[in-house]
Amino acid sequence: QVHLVESGGGSVQAGGSLRLSCRQLGSIYSVYCMGWFRQGPGKEREGVAAIDSDGHSSYADSVKGRFTISEDNAKNIVYLQMNNLKPEDTAMYYCAARQDSCLAWDMHQLWRDWGQGTQVTVSS
């Protein structure tokens, strides 16, 4: 099982930027999909972005062109660079890991390992 620790959340004004980090501790999967999800107040958890062990990335339509997922394999860290943030991006952001491909990555029910979350608040 992989232990995930997120950091980098905070409060910014609309148009600002934040970079979230997800550090993987413990067992590291050789074949994997890493993802970021978010859950706003009263909303369901939704997929934001994912990246597989080959470096292929996927994004939700709502964040395409604004968010970038990347990874530093040497440090076992996955990043989510968030630019041009909007108030509707306000949510708790969670890092997740699974030991297979990124097929159906946006279905949170298919993910095994989760971090504790980091809060992102965007004010208008």
Side-chain angles (χ1 to χ4, degrees):
Q1 186 174 359
V2 173
H3 182 54
L4 304 172
V5 180
E6 303 101 330
S7 61
S11 298
V12 296
Q13 291 189 328
S17 298
L18 285 173
R19 188 177 77 161
L20 305 182
S21 299
C22 174
R23 183 178 297 274
Q24 306 171 63
L25 304 175
S27 300
I28 305 298
Y29 301 140
S30 58
V31 176
Y32 60 81
C33 183
M34 296 295 298
W36 285 96
F37 288 75
R38 66 186 181 187
Q39 188 166 16
K43 298 182 179 180
E44 291 190 4
R45 189 166 297 192
E46 64 172 348
V48 176
I51 188 166
D52 66 19
S53 46
D54 292 326
H56 301 118
S57 56
S58 302
Y59 296 92
D61 288 342
S62 59
V63 306
K64 282 181 181 177
R66 300 189 298 123
F67 291 11
T68 302
I69 189 170
S70 62
E71 56 188 351
D72 184 333
N73 290 326
K75 297 180 179 180
N76 294 324
I77 298 176
V78 174
Y79 300 102
L80 185 68
Q81 177 66 44
M82 306 185 294
N83 299 327
N84 190 21
L85 282 160
K86 304 176 180 180
E88 51 264 41
D89 295 318
T90 294
M92 184 71 78
Y93 283 70
Y94 298 91
C95 177
R98 54 193 261 194
Q99 193 178 1
D100 60 5
S101 73
C102 285
L103 183 67
W105 68 272
D106 56 344
M107 295 182 65
H108 65 85
Q109 301 91 336
L110 301 181
W111 293 75
R112 170 182 172 179
D113 302 308
W114 293 86
Q116 81 287 351
T118 185
Q119 178 68 38
V120 172
T121 302
V122 185
S123 58
S124 57

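Since the structure is predicted, the reported quantities are computational estimates derived from the model, not experimental observations.
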Chemist: Do L85 and Y94 sit in one hydrophobic cluster, given that two such residues count as connected whenever their side-chain heavy atoms are within less than 4.5 Å of each other, even indirectly?
Modeler: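 No, because L85 and Y94 fall into different hydrophobic clusters, even though each may have its own neighbours under 4.5 Å.
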
Chemist: Heavy atoms only: give me the nearest W36-C22 pair and the separation to one decimal.
Modeler: CZ2-CB, 3.6 Å

Chemist: Is the backbone N or O of Y59 less than 3.5 Å from a side-chain atom of W105, with the two atoms forming a donor-acceptor pair by type?
Modeler: no

Chemist: Answer yes if L20 and M34 sit in the same cluster of Ile, Leu, Val, Met, Phe, Trp and Tyr residues linked by side chain heavy atoms under 4.5 Å apart, and no otherwise.
Modeler: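 As far as the 4.5 Å side-chain criterion goes, M34 and L20 are connected within one cluster.
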
Chemist: Report yes if some heavy atom in the side chain of Q119 is under 4.5 Å from a heavy atom in the side chain of T90; otherwise report no.
Modeler: yes

Chemist: Taking all atoms of both residues into account, what is the closest heavy-atom pair of A14 and S124, and its distance?
Modeler: CB-CA, 4.3 Å

Chemist: Measure the CZ-CZ distance between R98 and R112 for me, rounded to the nearest 0.5 Å.
Modeler: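 Rounded to the nearest 0.5 Å, the CZ-CZ separation comes out at 12.5 Å.
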
Chemist: So with a 6.0 Å cut-off around CG of L103, is the heavy-atom count from everything else above 12?
Modeler: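 No.
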
Chemist: Check residues 63-74 and write down every donor-acceptor pair under 3.5 Å in which the side-chain atom is one partner and the other belongs to a residue at least two apart or another chain.
Modeler:
{"unit_1": "K64", "atom_1": "NZ", "unit_2": "D61", "atom_2": "OD1", "d": "3.2"}
{"unit_1": "R66", "atom_1": "NH1", "unit_2": "N84", "atom_2": "O", "d": "3.0"}
{"unit_1": "R66", "atom_1": "NH1", "unit_2": "D89", "atom_2": "OD2", "d": "2.7"}
{"unit_1": "R66", "atom_1": "NH2", "unit_2": "S62", "atom_2": "O", "d": "2.9"}
{"unit_1": "R66", "atom_1": "NH2", "unit_2": "D89", "atom_2": "OD1", "d": "3.0"}
{"unit_1": "R66", "atom_1": "NH2", "unit_2": "D89", "atom_2": "OD2", "d": "3.4"}
{"unit_1": "E71", "atom_1": "OE1", "unit_2": "Y32", "atom_2": "OH", "d": "2.8"}
{"unit_1": "D72", "atom_1": "OD1", "unit_2": "A74", "atom_2": "N", "d": "3.1"}
{"unit_1": "D72", "atom_1": "OD1", "unit_2": "K75", "atom_2": "N", "d": "3.2"}
{"unit_1": "N73", "atom_1": "OD1", "unit_2": "Y32", "atom_2": "OH", "d": "3.2"}

Chemist: Using a 6.0 Å cut-off, check whether atom CD of Q116 has over 12 heavy atoms from anything other than its own residue.
Modeler: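 Correct, the count exceeds 12.
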
Chemist: Which distance, rounded to the nearest 0.5 Å, do you find between the CG of L110 and the SG of C102?
Modeler: 11.0 Å

Chemist: Does W111 have R45 sitting over its ring (NZ/CZ under 6.0 Å from centre, angle to axis within 45°)?
Modeler: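 The answer is no, since R45 fails at least one limit relative to W111.
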
Chemist: Any donor and acceptor pair, going by atom type alone, linking the side chain of E6 with main-chain N or O of T118 inside 3.5 Å?
Modeler: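 Side chain of E6 to backbone of T118, a donor-acceptor pair under 3.5 Å: no, none is there.
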
Chemist: Do the side chain of S57 and the main chain of I51 share a donor and acceptor less than 3.5 angstrom apart?
Modeler: no

Chemist: With sequence neighbours left out, write down each residue that passes side chain to side chain contact (heavy atoms under 4.5 Å, CB included) with S7, or none if nothing qualifies.
Modeler: S21

Chemist: Looking at L4 and Q24, what are the two nearest heavy atoms and their distance?
Modeler: CD2-CG, 3.8 Å

Chemist: Can you name the residues that form a salt bridge (Lys or Arg N to Asp or Glu O under 4.0 Å) with E46, not counting sequence neighbours?
Modeler: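 Scan of E46 (salt bridge (Lys or Arg N to Asp or Glu O under 4.0 Å), adjacent residues dropped) gives R38.
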
Chemist: Do you know which two heavy atoms are closest between C33 and A50, and how far apart they sit?
Modeler: SG-CB, 3.9 Å

Chemist: What distance separates M92 CE from F37 CZ, expressed to the nearest 0.5 Å?
Modeler: 16.0 Å

Chemist: For D54, is there any backbone N or O sitting under 3.5 Å from a side-chain donor or acceptor partner on D52?
Modeler: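 Yes.
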
Chemist: Any chain of hydrophobic side-chain contacts (each under 4.5 Å) joining Y93 to V12?
Modeler: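 Same hydrophobic cluster.
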
